[in-house]
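See below for the structure under consideration.
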Amino acid sequence: IPPIGFSIETCLIEAAGAGTGDFVDAMTDSQGFSTLVVGSTATRGMPGALLMAMTRAYLRGAVLQGGSPAEACESTNASLNRDLAEGLYASAMVARLSPESEGIELVSSGHKAPAIRWDAEHEEFRKIQPNGIALGFDEGPVFRRSLETAQIQLHPGDALFLFSPGTFDCTNQKGKKLGENVVYQLARYAIEHDLKSMESQLLKYIGGKPRSDLAFALLRDVGEIRA
């Protein structure tokens with residue numbers, strides 16, 4: 001449950017064949033911080049599903065214990081590095097909304113799709129891509145030094161859109177990839193309508209189910225009067 005004046009939506013579109021283990025999660029801890037996560041794994045099929053389940057569980061546990069995005073990613077990285085075979089890893093974009101300041105902390109752990117912020121006042125999109133390496137690569141010191149937290153303040157009408165890297169590589173029936181401009185169009189459609197409507201538009205564009213799992217999350221400042 002987000003703070004008054006904000007809305008949160010999530011959407012997962014499963015692949016036509018063996019999935020890639022992409023996932024989305026939304027949760028609120030006991031202090032009222034709302035956290036969104038969009039993640040991806042480095043392998044497909046059953047291994048990808050298992051890696052997804054592990055990554056999601058570790059992140060969720062750390063977040064619900066009150067960890068910041070950076071702390072949750074550090075904890076998850078250490079657990080995955082201990083548990084995974086060499087060469088396996090996951091990525092995640094994690095955004096946490098404060099119930100008091102209404103500011104957002106944003107962390108990327110090797111996630112190859114930037115967060116997209118919609119600035120309603122200037123009617124423009126802005127890409128936000130904090131530094132950070134993937135989860136599970138390093139025992140901790142290098143991971144910790146690589147991790148950067150971006151601070152974001154939304155205003156009424158603004159939004160933050162998170163998505164899977166595989167979205168860029170979706171192709172239409174003529175074989176043309178979506179690319180950055182179409183992803184921006186999808187983001188705007190989601191902001192103006194909702195993620196469910198955006199999903200319908202995306203599936204129509206590509207002519208069926210995608211080849212990879214696709215996860216999306218949307219946080220909007222809907223401009224209601226705060227309590």
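Values reported hereafter were calculated over all heavy atoms of this structure, with side chains retained and with hydrogens, waters and symmetry mates removed. Computed from a prediction, not measured in an experiment: that's the story for all the values here.
When each of Asp83, Leu135, Thr41 is tested with Leu51 by the rule side chain to side chain contact (heavy atoms under 4.5 Å, CB included), just one qualifies, namely Thr41. With Ser34 as the fixed residue, the side chain to side chain contact (heavy atoms under 4.5 Å, CB included) test singles out one of Thr28, Ile104, Asp29: Thr28.
Between Leu147 and Ser108 the shortest heavy-atom distance is CD1-O, 3.8 Å. Taking each heavy atom of Cys170 and Ile206 in turn, the nearest pair found is CB-CG2, 4.0 Å. The two residues Met93 and Gln129 come nearest to each other via the heavy atoms CE-NE2, 3.9 Å. Of all non-hydrogen atoms in Phe161 and Leu218, the two that sit nearest each other are CD1-CD1, 4.2 Å.
Ile13 and Leu178 fall within the same hydrophobic cluster, where Ile, Leu, Val, Met, Phe, Trp and Tyr residues are linked whenever their side-chain heavy atoms come under 4.5 Å apart, directly or through other members. Residues Leu106 and Met27 fall into different hydrophobic clusters, defined by Ile, Leu, Val, Met, Phe, Trp and Tyr side chains chained together at heavy-atom separations under 4.5 Å. Side-chain heavy atoms closer than 4.5 Å link hydrophobic residues (I, L, V, M, F, W, Y) into clusters, and following such links, possibly through other members, connects Tyr205 to Ile116. Hydrophobic clustering (ILVMFWY, side-chain heavy atoms < 4.5 Å, transitive): Val94 and Val24 are in distinct clusters. In the hydrophobic cluster analysis, where Ile, Leu, Val, Met, Phe, Trp and Tyr join through side-chain heavy atoms closer than 4.5 angstrom, Phe143 is grouped together with Met54.
Once rounded to the nearest 0.5 Å, the distance linking CZ of Arg60 with OG1 of Thr55 reads 14.0 Å.
When side chains are defined from C-beta on, Leu202 does not count as touching Tyr189, because their heavy atoms never get closer than 4.5 Å. Within the 4.5 Å cutoff, side-chain heavy atoms of Pro3 are placed close to those of Leu97. Under the 4.5 Å side-chain criterion, counting only non-hydrogen atoms from C-beta, Leu154 is in contact with Arg117. In this structure, the side chains of Leu59 and Ser75 stay at 4.5 Å or more apart for every pair of heavy atoms. Under the 4.5 Å side-chain criterion, counting only non-hydrogen atoms from C-beta, Pro114 is not in contact with Ile128. Side-chain contact between Pro130 and Val107: absent, with no pair of heavy atoms (C-beta onward) separated by less than 4.5 Å.
Using a 4.0 Å cut-off between charged side-chain N and carboxylate O, Glu9 and Lys196 make no salt bridge.
Around atom CD of Glu14, no more than 12 heavy atoms belonging to other residues, nucleotides or ligands sit under 6.0 Å away. Heavy-atom neighbours of Glu124 CD from other residues, nucleotides or ligands within 6.0 Å: above the threshold of 12.
Under the 3.5 Å distance criterion, with hydrogens and angles disregarded, no donor-acceptor pair is assigned to the side chains of Ser146 and Asn131.
Note on ring orientation: taking the six-membered ring where Trp is involved, the planes of Phe125 and Trp118 are tilted (angle from 30° to 60°).
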